[in-house]
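Whatever order the structure lists them in is the order used to number ligands and atoms, beginning at 1. Side chains are part of it too, since the values below use all heavy atoms of this structure and drop only hydrogens, waters and symmetry mates.
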Amino acid sequence: MEEVKATHLKIKTNSILDDYDVIWNQKLGTGISGPVRPCIHKKTKERCALKCLADRPKARTECTLQYQCSGHPNIVGVYSVYANEVQFPGEPLPRPRLFIVMELMKGGELFDRITKKKHFTEREAAKYTRQITAAVARCHSLNIAHRDLKPENLLFKDNSEDALIKLSDFGFAKIDDGTLKTPQFTPYYVAPQILEAQARKNLQGHVPGMPAYTYDKSCDMWSIGVIVYIMLCGYPPFYSETPSRQMTNNMKKKIMAGEYTFPTEDWKNISVEAKDVVRRLLDVDPTKRMNIVELQHHVWLQYEAPETMLMSPAILMDKVSLEEARLMHAQQLTNMRQPDLQITLKPMKTANNPILKKRLHNLASKNSLEPPEKSSYEDIENIGLQKLQDVILYCLTQNGNGNKEDNTDLQLCSLLTAAIECNQGVSELQEMLHRFKWNGSGFDSQVNKHDLAAAIDDLVLHRRQQIQT
Ligand SMILES: Nc1ncnc2c1ncn2[C@@H]1O[C@H](COP(=O)(O)OP(=O)(O)OP(=O)(O)O)[C@@H](O)[C@H]1O
């Protein structure tokens with residue numbers, strides 16, 4: 001059998017059908033990359049879960065990183081990965097695909113389980129948090145940031161009372177080894193402490209006594225904070241007054257300012273230790289936010305938490321609010337991953353961004369930092385990429401509505417028009433849209449939003465690589 005080596009993971013090139021029977025007409029769940037199906041190992045008869053991805057570098061990274069984290073009781077294990085050329089019904093040609101065989105999770109998602117509970121206590125919330133923390137600790141100890149930590153990606157092994165929770169879906173995971181990146185919530189702001197670290201690094205070649213900056217890991221910690229908050233009270237810390245599928249500017253401001261409360265009526269019986277965990281995870285300053293080791297040692301997770309009955313199951317039963325909470329969390333994760341689109345700060349000698357130069361100069365002369373103007377080349381690139389990401393997000397959330405094939409979606413057309421305007425001269429975008437029968441103001445034939453999102457995602461990745469070189 002011929003094998004291609006990835007880091008630690010051997011991607012098999014024989015047919016998956018040599019080793020597994022795939023149950024093509026069943027779905028365990030569906031995500032952006034399509035359905036996850038059951039499959040059965042031909043020799044051992046073990047039932048597993050099979051995820052199929054287009055064979056691209058991003059997908060190989062997903063398999064490799066999940067595989068590296070596998071072997072931990074709170075991470076969904078990857079058993080094997082196959083690279084096969086497969087032609088699905090309706091496709092004109094075979095396409096290169098990756099088939100990821102994973103451990104089967106039979107117990108459903110975290111919040112669905114909580115909803116079904118008659119009695120859910122703070123002690124159980126702490127127990128779940130301990131397991132989520134163990135999963136993230138495994139990733140962070142390998143310098144892997146998950147970056148998509150949301151309740152949908154926390155699955156139970158089975159339906160038993162003490163089933164383990166496991167972290168899945170490493171589609172956004174990346175190596176976070178502390179390389180200096182611009183950590184920020186908007187493309188226009190570079191945090192002063194990062195400029196300071198950069199200035200010191202330029203001066204001394206390294207940053208003595210300064211821990212490796214780990215922005216992506218701190219995003220995982222923020223996510224745990226939101227999940228713990230929801231487990232304890234049933235609603236998210238940041239929410240809009242009026243239900244909305246899109247995150248409003250007002251909400252974004254609240255998140256960036258860390259404006260959330262513990263409404264007395266719902267939180268009066270919850271322990272101070274639990275509130276301290278939330279407070280320290282939702283710190284707006286990623287450098288002050290509790291890290292995974294601190295969380296593991298927090299007193300709330302060290303001892304048995306009180307058996308106070310929580311209202312969360314009843315509140316989470318409201319499907320509309322639950323869906324809104326999920327969407328908001330997903331959108332905020334997208335916002336937090338935004339720094340990926342930023343270039344790494346270059347040493348001053350080679351940096352060609354006049355704004356950064358000016359600001360580093362200001363820093364050196366101990367002047368306070370002003371938010372920069374929005375006109376630099378990189379900012380323009382970032383706005384273009386942000387608009388493309390808006391289209392991806394829209395396609396994905398609309399897919400969730402079952403509205404997958406469509407060419408009459410005016411909102412999609414208007415988001416795309418805005419993205420095109422902000423990406424003038426990007427010929428790959430024009431070519432890609434041409435393939436989707438884009439006529440300048442709409443689509444001439446039905447467009448599969450899932451495919452469109454995947455194609456734009458590839459383009460964003462490529463643009464990002466171009467910007468970084
Ligand atoms: N190992 C597994 N066992 C059982 N079901 C699974 C497993 N992995 C995934 N699923 C189901 O399939 C769904 C989609 O899986 P996953 O989140 O990995 O896919 P994705 O395409 O990356 O999704 P997303 O849209 O969340 O990024 C999950 O929400 C879950 O219901």
Side-chain angles (χ1 to χ4, degrees), residues 20 22-24 26-41 46-56 58-67 69-81 97-113 115 135 139 146-159 163-174 223 227 322-323 325-334 336-337 389 392-402 404 448-454 456-458 461:
Y20 289 89
V22 181
I23 309 177
W24 295 107
Q26 276 182 31
K27 288 180 194 172
L28 297 166
T30 305
I32 174 210
S33 35
V36 172
R37 300 179 195 281
C39 65
I40 301 166
H41 192 274
E46 182 181 353
R47 250 177 110 83
C48 306
L50 181 69
K51 184 167 173 174
C52 172
L53 301 172
D55 189 355
R56 300 189 182 115
K58 191 169 171 260
R60 287 191 174 227
T61 305
E62 170 174 349
C63 310
T64 307
L65 297 185
Q66 186 168 354
Y67 182 78
C69 294
S70 291
H72 185 279
N74 300 111
I75 307 257
V76 173
V78 168
Y79 295 155
S80 296
V81 178
R97 293 191 151 97
L98 286 182
F99 290 93
I100 314 173
V101 182
M102 293 177 287
E103 173 182 10
L104 179 64
M105 301 299 289
K106 293 186 270 192
E109 297 172 10
L110 174 64
F111 285 172
D112 290 334
R113 161 80 63 120
T115 309
C139 301
H146 184 275
R147 306 199 312 152
D148 202 21
L149 202 60
K150 49 188 185 186
E152 301 93 297
N153 291 334
L154 292 162
L155 305 176
F156 280 91
K157 178 69 189 160
D158 53 49
N159 287 315
L164 289 175
I165 304 182
K166 302 195 185 216
L167 178 59
S168 73
D169 193 359
F170 281 59
F172 285 104
K174 72 175 250 214
S223 283
I227 293 168
L322 178 58
E323 185 55 21
R326 281 182 171 146
L327 267 172
M328 289 308 147
H329 193 145
Q331 287 190 14
Q332 181 56 16
L333 284 167
T334 308
M336 289 205 295
R337 284 192 292 265
Q389 288 223 316
I392 297 175
L393 189 66
Y394 180 78
C395 286
L396 300 187
T397 49
Q398 292 303 302
N399 255 353
N401 279 350
K404 206 168 176 183
N448 181 311
K449 288 178 186 161
H450 166 233
D451 289 350
L452 181 64
I456 298 178
D457 190 39
D458 272 356
L461 193 73

Between the side chain of [X] and the main-chain N/O of [Y], is any donor-acceptor distance below 3.5 Å?
{"X": "Arg37", "Y": "Trp24", "answer": "yes"}
{"X": "His146", "Y": "Ser168", "answer": "yes"}
{"X": "Gln66", "Y": "Val76", "answer": "yes"}
{"X": "Asn74", "Y": "Ile165", "answer": "yes"}

For [atom], what is the closest protein heavy atom, and at what distance to 0.1 Å?
{"atom": "atom 19 (O) of ligand 1", "result": "Lys51 NZ, 3.3 Å"}
{"atom": "atom 15 (O) of ligand 1", "result": "Val36 CG2, 3.6 Å"}
{"atom": "atom 25 (O) of ligand 1", "result": "Ile32 N, 2.9 Å"}
{"atom": "atom 17 (O) of ligand 1", "result": "Asp169 OD2, 3.0 Å"}
{"atom": "atom 8 (N) of ligand 1", "result": "Met102 CE, 3.7 Å"}
{"atom": "atom 7 (C) of ligand 1", "result": "Leu155 CD1, 3.8 Å"}

For Phe170 against Ile75, the heavy-atom pair lying closest together: CZ-CG2, 4.0 Å
Closest non-hydrogen atom pair, Leu164 against Pro73: CD1-O, 3.7 Å
Suppose I only count heavy atoms of [X] and a 4.0 Å limit; which atoms of ligand 1 are within that range?
{"X": "Leu28", "value": "4 (C), 5 (N), 31 (O)"}
{"X": "Ala49", "value": "1 (N), 2 (C), 3 (N)"}
{"X": "Ser33", "value": "20 (P), 21 (O), 22 (O)"}
{"X": "Val76", "value": "1 (N)"}

Can you confirm whether [X] sits close enough to [Y] that some side-chain heavy atom of one is under 4.5 Å from a side-chain heavy atom of the other?
{"X": "Ile23", "Y": "Arg47", "result": "yes"}
{"X": "Thr64", "Y": "Val81", "result": "no"}
{"X": "Asp169", "Y": "Lys51", "result": "yes"}

Side chain, backbone, both or neither: Lys106 near ligand 1, heavy atoms under 4.0 Å: neither
Mode of Asn153 contact toward ligand 1 - side chain, backbone, both, neither (heavy atoms, under 4.0 Å): side chain
Any nitrogen or oxygen of [X], main chain or side chain, under 3.5 Å from a nitrogen or oxygen of ligand 1?
{"X": "Ser168", "answer": "no"}
{"X": "Met105", "answer": "yes"}
{"X": "Glu62", "answer": "no"}

Within-shell test, Glu109 vs ligand 1, heavy atom, strictly < 4.0 Å: yes
Atom 28 (C) of ligand 1 protein-contacted, heavy-atom criterion under 4.0 angstrom: no
Heavy atoms from other residues, nucleotides or ligands near NZ of Lys106 exceed 12 (cutoff 6.0 Å): no
